[in-house]
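Take a look at the structure below.
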Amino acid sequence: MMESSENMDRYYRDKLENYKESPPQDTWDIIADQLGHRRRRKMVIFISRIAAGLTILISLSVLYYYSQKSRYGGLAHQTVTTEGTETGQSDKDEVQSIENQTEPESKKQPVAVISRITSPERSVLPVTASDQTIQRTGQLSLTSDDDLFRGSSAPEDMTSTVIPVSVKISYLMPVACNHVEAGNPEYDRRLIDIDTRKTKQEPEYKYDHLPAFTEAETAEKERQTEWILGGQFAPLYSYRDLKPGNYQDYVKDQINSKEAGILAYAGGINLTVSPNKRLSVQSGIYYSRYGQEKNSLEAAVIFSPGSKNEIAETGWDEFGCAEITQALYIGNSTGKIMAVEEGSLSNNQSPFSYQRTDQAAANQLNPALPVSSVTQYFEYLEVPLNLKYKILDKKFDISLMGGISTNFLIGTDILLNFTDHSSKNTDYTTEGLKQINYSGLMGIGFEYPLFKNLILNVEPKFRYYVNSIDKEKVYNIHPYSIGIFSGISYVF
Amino acid sequence: MTEALDNIIRGCQAGDPRTQRELYILFKDKMFGICLRYAGNYDDAQDIVQDGFVKIFMKIGQFRFEGSFEGWMRRIMVNTALEKYRMQCQIININDYTKEIDTVSPSDLSGEISAKELVQFVQELSPRYRMVFNLYAIEGYSHKEIGNMLDISEGTSKSNLSRARAILQEKVRKYFSQSAKIK
C-alpha cells in the first residue's frame, strides 16, 4: 500500500512537476502595471499631449492676436508712440523734420484730400483727437477744435476739411496731441499756418505737412504682413537622451557605453507669415534622418522563427517551431532591430535554439566579414509650428525662435558597419517605434538680404523629442539633434 | 544559457524592464503550470502567477546566484499560492472520506491520461487536500514542514494526503471507466 502510494506520488510528480501552460495574454500587462511601468508610461503620454496641445493653442492665439493687431493696431501703435515721445517736449524742430521728410513724396502723389473749410464756425482743421480717446481705443475721433486757431482768425472762404482716416490720419496725431497737451500758443500759430492759411491760399502745400500721406507709410504697412517661402538643409548631430526610468543607473550607463550619436541630416521647405516686423510664425514640412550607432552586438540572438510574432514582441522564441527561418535581434535601447534572412547568420546555428552571444560570437554571424557596429536610422516627416522674434531688425537680422513639431515616422534603416570600415545597407528594420511623435525646438536665426526679396538665412537649432519614441517604452528614449539649418527665403 | 540567464537576472536586479519581460517570457509557462496545480481554477492561477512574478521582481535583488534560480522562483510561487490559500481558508468544509478506496497502480495508467487532465483533477480537490498533495507529492516537503506551512498538525497533513490520494485515484478510475465505455 505504502509502495503503491509512493509510486502514485512519483507518477504525479513526473507528470506535473514540469507541467507548462501559457498564462492569459494580459498577464504581463497586469504585472507591468503593478511594477509601475505602464502607469508611468500613460502619465508621460498624457502630459506630453497636454503640453503639445497647450503649445499649439498658445501659438495660434499669438498669431491671431498679432494678425488682429496688424489690421487695426497700426493707428494705435503710432499714436502711443507719438504720445510717449512727444508729450512735453515737442518743438518746432520735430515738426519741421517731419515736413522735410515727407515733402518730396507728397508732391508726387497726394493720397488724401483736405478739402476747403466752408463754415466759419468750423473753419479750422478738424483733425484732433482727445488723449483719452486715443489711449482707450487706439482710433481717432475727428472733431473740430477751435483752439487750434487761437490767436488767429479763421478764413471765411475755407471749405470743410475731410480726411480719410483709414491709413493716413495717424501721422496727424503728433500735431493734434501736442497742441492739446502743450497748449503752446506758438505751436498753435504754427499749426494754423500749416493747416489753414496755406490751405486757403495754396491747398496743395498742406500735403507737405502731412507726412502720413506718403507712400513710405503704405509700404511700411504692407511689409508688416509679408509671406516668406523658403527651403533649408542642415547637417545634424543626432543622438538620444536616455532619461531615468524604472531601471537603475547601472543599466543606463551600460547602454550609454555601447551606443553613440551619429551625423545625420534634415531638410525641407517652410512658409513664414510675418504679421509685423518683429514677430513671425513659421510652418512647413521637413524630412529628418536621425539615428544612433550600436557599437556592440553582444545581445544578438538566434531565433527559431515560427514564433516570429513572439520574437517581435519579446525577443525570445518559444521553441519547437516548424518553419525554418532565422532572425537576428540586436539588443539596443531604441526599438528593436530585426534582421531576417540577410545572410548574416551562420548556417551552423541551429534554427531551433536561441542563444545570446558575446561580441566575438556575434561577429561570427557573418563568417565572411565580421560586423563591428550597426547604425540605426529613423526617418521622420516633421510639421513644425515655430515662433520667431527679431531681436535685431537691421539689414542683418537676428531672431530667437521656439516651437513644436509633429513628427511622423516614415521609415527606419539599418546600416551594418564591418570591421574593414565598409558598410552595407540592409533590409533590417527597427520595430516597436511610435508612428507619431512630438518635439520641441529652440534656436537662433540670422538673416541677410541677398537681393530685394531674397534672404539668406542660417539657423542653429536644437530639437528634442518630448515623448519617448519607443512604443513599448522599455527605455525612456528621447532623440535630439543639433544642426545648423541654412537656406534661402523668398519674400512675397 | 546559464550565462544568458545570469545576464537577465542582473538586468532584473537593476530594474531593467526589458529583461524583466524576458525573464517573464522564459518562465511564464512553467510558473503558470505550478500555479494551476495550487489554484482551484484558471482565474485563481492567474492571480497567483501575477502576484508571484511581482514578488520575484521585487525580491530578485536578494538572489545571490547560489543554487537554482528556477528553484528560487518556484518557492516564491508556492509561497504566493500558500498566502492565497490562507486568505481563502476561513471556513472550508472538507468532506471526510472514510471509505477505503482501492488504489490504482501507476502501470494501469500507462500514460494515457494527460498532464492537463491530471492538473484538472488536482484542482478539483478541496483546497487543503490540494495544498498538502502538491507540497508533499510534487514539491517533496515533509509532513512536518507542511504542518508548519498550513498551520495544521503533522497527523492532519498525513490524513489529508491520504484522502487526497484516494480522491485522485477515484477520479482516475472514473476517467478510465468512462474511456472504456466510449471505446
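As the structure is a computational prediction, the values presented were derived from the model and not from experiment. Hydrogens, waters and symmetry mates play no part in the numbers below; they use all other heavy atoms, side chains included. Within every chain, numbering begins at 1; the chains are lettered A, B, ... in the order of the sequence lines, protein sequences first and strands thereafter.
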For the residue pair [X] and [Y], establish whether any side-chain heavy-atom pair is separated by less than 4.5 Å.
{"X": "A:Y19", "Y": "B:L118", "answer": "no"}
{"X": "A:P23", "Y": "B:K28", "answer": "yes"}
{"X": "B:Q20", "Y": "A:I31", "answer": "no"}
{"X": "B:V119", "Y": "A:K15", "answer": "no"}
{"X": "B:F53", "Y": "A:T27", "answer": "no"}
{"X": "A:E17", "Y": "B:I34", "answer": "no"}
{"X": "B:D29", "Y": "A:E21", "answer": "no"}
{"X": "A:K20", "Y": "B:F32", "answer": "no"}

Open item on the list: Once rounded to the nearest 0.5 Å, what's the spacing between atom CD of A:Q34 and atom CD of B:Q50?
Closed with: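 Answer for the CD-CD pair, A:Q34 versus B:Q50, is 6.0 Å.
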
Task: Spatial distance of atom CE (B:M58) from atom CG (A:L35) [nearest 0.5 Å] - done: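 Reported to 0.5 Å precision, the distance equals 7.5 Å.
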
TODO: Sequence neighbours left out, what passes ring pair (Phe, Tyr, Trp, His ring centres under 6.0 Å) with B:F133? Give chain and number order.
DONE: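 Ring pair (Phe, Tyr, Trp, His ring centres under 6.0 Å) check on B:F133 returns A:Y12.
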
TODO: Over all heavy atoms of both residues, which pair between B:R165 and A:M8 is shortest? Give the atoms and the distance, please.
DONE: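 B:R165 and A:M8 have their closest heavy atoms at O-CE, 3.5 Å.
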
Open item on the list: I need the minimum non-hydrogen distance between B:R18 and A:D470, along with the two atoms involved.
Closed with: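 For B:R18 and A:D470, the tightest heavy-atom pair comes out as NH2-OD2, 4.2 Å.
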
Open item on the list: Using only non-hydrogen atoms and a strict under-4.5 angstrom cutoff, which residues of residues 134-148 of chain B touch chain A?
Closed with: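 The stretch touches chain A at B:Y136, B:A137, B:I138.
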
- [ ] Indicate the ring-plane relationship of B:F57 and A:W28, choosing parallel, tilted or perpendicular according to the 30° and 60° boundaries.
- [x]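 Rings of B:F57 and A:W28: perpendicular, over 60°.
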
